[in-house]
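Following: one structure in structure tokens, then a few remarks.
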Amino acid sequence: MNPEPIVGELHGNVLAALGQDIVSGRYQPGQVLTLDSVSATHGVSRSVAREAIRVLESMGMVAPRRRVGITIQPARNWNVFDPRVIRWRLDVGDRAAQLLSLSELRRGFEPAAAALAARRADPHQCRIMAAAVSDMVVHGRSGDLDAYLLADKVFHRALLEASGNEMFRALYDVVAEVLAGRTHHGMMPSTPNPAAIALHDEVARAVRLRDEDAAERAMRAIIDESAAAVSGDSPATAG
């Protein structure tokens, strides 16, 4: 048997457990861990524990210090754009605050990306967005939320790629974690709001027609509707 998948799974499990413990506040800023304590707590070798700590260090969540130990870092030091940090904060952190912060971030770049997509999208990208909206309609009616989520992700990925801006494109994982988090945490109804799907269709149509203002406006409406749904001010919608 090849041990690599097992080691990889152990590493992933320890990484997620430590990350969630930090995000949840179980481990407070300034608290010190050791490789031995991590290894013993999670029943893994020091090498697996060390690799998990290295990843957390790269994310700004811990800082190994010689003759001190592995020191937990405050949230201001974290790489808050890392999809894993976002996922952990949605799983065990202050979910409402995280979703509010992410909605504010999305307002800052997705409408602009939609406007750029209306200027730069090629026919293939337009077809992908149109097909994604069609899939959202079908899966929204059937209540298949996993398939609906996939279509929603495809739409947003295509839009960000069509913007032609590498910085916007690199933020896709942030958007994907928001969409997945809302679905996985029961913040979507069994039948997604048709009005939200219609807004996605408006974006796709505006991009195809090269209408930058309409694309930006409709994308902003999608984000506002999603934020309102999460806060409980309206029926839950697509993101």
- Task: In plain terms, say whether R89 and D94 are close enough for a salt bridge, that is, a side-chain N and a carboxylate O under 4.0 Å apart.
- Result: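 D94 and R89: not salt-bridged.
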
- Task: Could you walk me through whether Y148 and T183 pass side chain to side chain contact (heavy atoms under 4.5 Å, CB included), step by step?
- Result: CA-CA 10 Å; Y148 183 91; T183 297; over 6 Å; no

Give, for atom [atom1] of [X] and atom [atom2] of [Y], the distance between the pair rounded to the nearest 0.5 Å.
X: L159; Y: E110; atom1: CG; atom2: CD; answer: 7.0 Å
X: S226; Y: R107; atom1: OG; atom2: CZ; answer: 9.0 Å
X: M219; Y: L199; atom1: CE; atom2: CG; answer: 9.5 Å
X: R46; Y: L35; atom1: CZ; atom2: CG; answer: 5.0 Å
X: I222; Y: R220; atom1: CD1; atom2: CZ; answer: 12.0 Å
X: R106; Y: S101; atom1: CZ; atom2: OG; answer: 12.5 Å

Does [X] belong to the same Ile/Leu/Val/Met/Phe/Trp/Tyr cluster as [Y], with side-chain heavy atoms less than 4.5 Å apart forming each link?
X: L209; Y: V203; answer: no
X: L90; Y: F81; answer: yes
X: I197; Y: I128; answer: no
X: V175; Y: V154; answer: no

Mind checking whether [X] and [Y] have side chains closer than 4.5 Å, heavy atoms only?
X: L145; Y: P192; answer: yes
X: L102; Y: E177; answer: no
X: L18; Y: H42; answer: yes
X: R182; Y: L149; answer: no
X: D135; Y: F155; answer: no

Please check if the side chain of [X] supplies one atom and the backbone of [Y] the other of a donor-acceptor pair under 3.5 Å.
X: S37; Y: L33; answer: no
X: T41; Y: V38; answer: no
X: R120; Y: A162; answer: no
X: S103; Y: L99; answer: yes
X: E161; Y: A158; answer: no
X: S39; Y: V44; answer: yes

Which pair of heavy atoms, one from [X] and one from [Y], lies closest together, and at what distance?
X: Q20; Y: D91; result: NE2-OD2, 3.7 Å
X: A115; Y: E216; result: CB-OE1, 4.0 Å
X: M129; Y: A204; result: CB-CB, 4.2 Å
X: I86; Y: V80; result: CG1-O, 3.5 Å
X: N165; Y: F168; result: OD1-N, 3.0 Å
X: A132; Y: A151; result: CB-O, 3.6 Å

Do any side-chain atoms of residues 60-73 form donor-acceptor pairs under 3.5 angstrom with protein atoms, and if so which ones, sequence neighbours left out?
from: Q73; atom 1: OE1; to: N77; atom 2: ND2; distance (Å): 2.9
from: Q73; atom 1: NE2; to: T71; atom 2: O; distance (Å): 3.2

- Item | More than 12 heavy atoms of other groups within 6.0 Å of R141 CZ |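 Result for CZ/R141: open.
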
- Query: Please walk me through it: do L150 and H139 pass side chain to side chain contact (heavy atoms under 4.5 Å, CB included)?
  - Reply: CA-CA 10 Å; L150 178 60; H139 300 309; over 6 Å; no

- Would you sort out whether D211 and R205 count as a salt bridge (Lys or Arg N to Asp or Glu O under 4.0 Å), showing the intermediate values? CA-CA 9 Å; D211 189 336; R205 183 169 61 253; over 6 Å; no

- Item | Stepwise side chain to side chain contact (heavy atoms under 4.5 Å, CB included) check, L15 with W88 | CA-CA 11 Å; L15 175 62; W88 297 333; 4.0 Å; yes

- Test V207 against Q125 for side chain to side chain contact (heavy atoms under 4.5 Å, CB included), laying out the working first. CA-CA 10 Å; V207 169; Q125 291 166 329; over 6 Å; no

- Message: Between H200 and H156, is the ring centroid distance below 6.0 Å?
- Response: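 Ring centres of H156 and H200 closer than 6.0 Å.
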
